[in-house]
Amino acid sequence: PPTLANNGTFRISRTGATTGSLVVNYTVAGTATAGDDYTALSGTATIPAGATFVDVVVTALDDNEGENPETVVINLGTGAGYRLGTAAQQTST
């Protein structure tokens, strides 16, 4: 299916040392369906060495169905080398 111009972007950021890359785990929930409504996400995002953030882009897909707005929710998970801050969940519609 073709992609749409109204994609969603989640920014995962870190504080502290940036000398190494950091792999951050996340899960995806919401009312939108991966593969039908948006391109499936991997469940991990890597903040490169020297960077303080990485963007996870949700690429919307046109399924040619009339629908109400749907959501994609990213919940950050635990992992090696980081502690979660207060905003560990974000939603895109």
### Query
Would you say Val72 and Tyr38 make side-chain contact, with heavy atoms under 4.5 Å?
yes
### Message
For residues Phe53 and Leu84: do they belong to one hydrophobic cluster (side chain heavy atoms under 4.5 Å, members Ile, Leu, Val, Met, Phe, Trp, Tyr)?
### Response
no
### Task
Determine, stepwise, if the pair Thr46 / Ser21 fulfils side chain to side chain contact (heavy atoms under 4.5 Å, CB included).
CA-CA 7 Å; Thr46 301; Ser21 62; 4.0 Å; yes
### Query
Closest approach of Leu22 and Ala80, non-hydrogen atoms and distance?
CD1-O, 4.0 Å
### Message
A side-chain contact here means heavy atoms from C-beta on lying under 4.5 Å apart; do Leu76 and Val24 qualify?
### Response
yes
### Task
Report yes or no: does Arg14 contribute a side-chain atom to a donor-acceptor pair with the main-chain N or O of Tyr82 at less than 3.5 Å?
no
### Query
What's the verdict on side chain to side chain contact (heavy atoms under 4.5 Å, CB included) for Ile74 and Leu41, showing C-alpha distance, side-chain angles and the deciding distance?
CA-CA 10 Å; Ile74 288 185; Leu41 300 171; 4.1 Å; yes
### Message
If I take atom CZ from residue Arg83 and atom OG1 from residue Thr78, how far apart are they, to the nearest 0.5 angstrom?
### Response
13.5 Å
### Query
Given the rule that I, L, V, M, F, W and Y join up when any side-chain heavy atoms are under 4.5 Å apart, are Val23 and Phe10 in one cluster?
no
### Message
What I'd like to find out is whether the side chain of Val58 reaches to under 4.5 Å of the side chain of Asn7, using heavy atoms alone.
### Response
no
### Query
Could you go step by step and tell me if Leu61 and Asp36 meet the side chain to side chain contact (heavy atoms under 4.5 Å, CB included) rule?
CA-CA 7 Å; Leu61 299 174; Asp36 289 333; over 6 Å; no
### Task
Using atom types as modelled and distance alone, determine if a side-chain donor or acceptor of Thr31 lies under 3.5 Å from a backbone N or O of Thr71.
yes
### Non-hydrogen atoms of Asn75 and Ala29 that approach each other most closely
ND2-CB, 4.3 Å
### Summary
When every non-hydrogen atom of Ala51 is compared with those of Ile47, the smallest separation belongs to O-CG2, 3.4 Å
### Query
Which atom names give the shortest non-hydrogen contact between Ala49 and Thr19, and what distance separates them?
CB-O, 3.5 Å
### Query
Any donor and acceptor pair, going by atom type alone, linking the side chain of Asn25 with main-chain N or O of Gly77 inside 3.5 Å?
no
#### Entry: Closest non-hydrogen atom pair, Val56 against Tyr26
CG1-OH, 3.8 Å
